[in-house]
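Here is the structure we will look at, set down as structure tokens.
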Amino acid sequence: MRKKVLAGNWKMNLNSKQSLALYADISAALSSNKEFDFIVFPPFLHLKELIDSRGFIEIGAQNFHPELNGAFTGEVSVSQIKDIGIQYALIGHSERRTLFKESNSFLKQKVDAAIQHQIRVVFCCGEPLEVRENQDPVMYVTNQLKESLFHLNSEQLKTCMIAYEPIWAIGTGKVATEEQISQMHTAIRNELKSKYGQQIANEISILYGGSCKPSNAKAVFSCENVDGGLIGGASLEPTSFVELSECF
Ligand code: 13P
């Protein structure tokens with residue numbers, strides 16, 4: 001059966017010393033638990049030193065380039081993150097999609113590169129405000145999954161997680177309503193079921209992300225088909241990250 005997941009996306013925050021201190025603080029306060037996966041996604045620069053002192057909290061990359069090497073100034077390749085021992089990566093975060101123009105077809109290449117390198121994918125999806133207000137958000141999100149993720153076979157898909165992050169809720173303080181979250185997560189589970197069957201659908205953890213913090217996390221985590229959270233701002237504070245783990 002799928003696990004509960006608490007993941008922290010540190011984005012472009014924290015210097016080296018602060019990253020190590022945050023990792024040490026949350027490691028000391030949390031305890032390893034078979035039913036949970038704890039994962040943090042620090043900036044690239046800090047990955048190696050965190051991997052070298054890694055405990056039970058997994059360490060993932062926020063990004064990578066799907067090519068193995070070559071003339072891609074400023075990029076870090078899938079083989080380079082694998083080489084230092086990274087086992088998880090975010091793909092399709094809305095900040096990559098909107099600020100860095102990553103398309104569904106480019107994200108599909110990243111998914112394939114991650115799978116080839118045995119890196120577990122946390123595939124992010126979510127609709128912008130105009131789609132939430134004027135179009136069909138479920139269709140928009142399921143299309144993101146169909147175009148970038150659902151070409152995988154069952155064995156490959158089983159290694160992935162999905163994170164639903166409505167763009168209008170990220171960093172805005174506006175959390176989606178329980179009804180909106182349950183509806184989207186259930187729609188994603190149903191899409192998984194119709195493409196891969198009930199058994200595989202039941203094995204995939206679906207996380208919610210977007211202004212999730214200790215004050216609202218109990219309500220979010222109790223929504224139908226929510227298996228955990230991908231947390232931005234509140235993951236930078238050791239006490240709030242630890243409090244979030246108590247909200248399941
Ligand atoms: P916030 O929790 O800061 O809204 O960020 C969510 C997010 O983007 C996690 O990937």
Side-chain angles (χ1 to χ4, degrees), residues 4-14 18-19 22-23 26 37-44 46-47 57-64 81 86 88-102 107 110-111 114 119-129 131-132 137 140-141 144-145 148-149 160-178 180-181 184-185 188 205-221 223 226-248:
K4 302 277 181 209
V5 181
L6 184 62
N9 178 5
W10 295 356
K11 305 192 180 182
M12 197 174 71
N13 294 297
L14 308 175
Q18 290 165 335
S19 289
L22 177 56
Y23 188 86
I26 58 177
D37 274 336
F38 296 107
I39 317 166
V40 293
F41 295 90
F44 271 132
H46 313 321
L47 288 177
I57 300 177
E58 300 288 350
I59 293 162
Q62 294 174 20
N63 185 35
F64 61 86
I81 62 165
I86 294 292
Y88 291 81
L90 295 180
I91 295 182
H93 193 281
S94 67
E95 287 147 23
R96 300 292 321 168
R97 292 175 188 265
T98 55
L99 301 173
F100 301 98
K101 310 283 176 259
E102 295 192 358
L107 297 175
K110 292 174 95 167
V111 166
I119 289 170
R120 294 194 60 189
V121 172
V122 180
F123 186 82
C124 306
C125 53
E127 80 287 358
L129 188 59
V131 171
R132 171 56 64 180
Y140 185 93
V141 165
Q144 290 178 322
L145 298 173
S148 306
L149 192 67
C160 301
M161 298 175 214
I162 294 171
Y164 169 57
E165 300 200 306
I167 299 174
W168 46 273
I170 296 177
T172 58
K174 270 190 212 162
V175 70
T177 65
E178 290 161 51
Q180 289 168 329
I181 297 172
M184 186 63 80
H185 280 240
I188 293 172
S205 299
I206 308 175
L207 320 184
Y208 172 81
S211 297
C212 193
K213 45 186 183 285
S215 58
N216 57 31
K218 262 207 174 89
V220 170
F221 296 160
C223 291
V226 172
D227 304 305
L230 178 56
I231 316 295
S235 72
L236 297 171
E237 264 298 311
T239 43
S240 52
F241 194 68
V242 172
E243 279 177 42
L244 283 163
S245 74
E246 291 154 6
C247 292
F248 284 87

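For ligands, and for the atoms within them, numbers begin at 1 and follow the listed sequence.
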Decide yes or no for [X] and [Y]: does some side-chain heavy atom of the first lie under 4.5 Å from some side-chain heavy atom of the second?
X      : Y      : value
Glu95  : Phe100 : no
Tyr140 : Pro128 : yes
Tyr23  : Ile59  : yes
Lys110 : Asn63  : yes
Gln62  : His93  : no

- Message: So, 4.0 Å and heavy atoms of Ala234: is ligand 1 close enough to count as a contact?
- Response: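 No, Ala234 has no heavy atom closer than 4.0 Å to ligand 1.
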- Measure the distances from the heavy atoms of Lys11 to every atom of ligand 1 and state whether one is below 4.0 angstrom. yes
Among protein heavy atoms, which sits nearest to [atom], and what does the distance come to when rounded to 0.1 Å?
atom                   : result
atom 9 (C) of ligand 1 : Glu165 OE2, 2.8 Å
atom 2 (O) of ligand 1 : Gly232 N, 2.9 Å
atom 3 (O) of ligand 1 : Gly233 N, 2.8 Å

When rounded to the nearest 0.5 Å, the distance separating OG of Ser205 from CG of Leu230 is 12.5 Å
How are the rings of Phe248 and Phe221 set to each other: parallel, tilted or perpendicular (split at 30° and 60°)?
->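 If you compare the ring of Phe248 with that of Phe221, the planes turn out parallel.
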- Per-atom contacts, ligand 1 versus Ser211 - under 4.0 Å to a heavy atom: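 Answer for ligand 1: 1 (P), 2 (O), 4 (O).
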So the atoms of ligand 1 within less than 4.0 Å of a heavy atom of Gly210 turn out to be 4 (O), 6 (C)
Does an N or O from Gly171, backbone or side chain, lie closer than 3.5 Å to an N or O of ligand 1?
->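 Yes.
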Within the 4.0 Å heavy-atom cut-off, what Asn9 brings close to ligand 1 is side chain
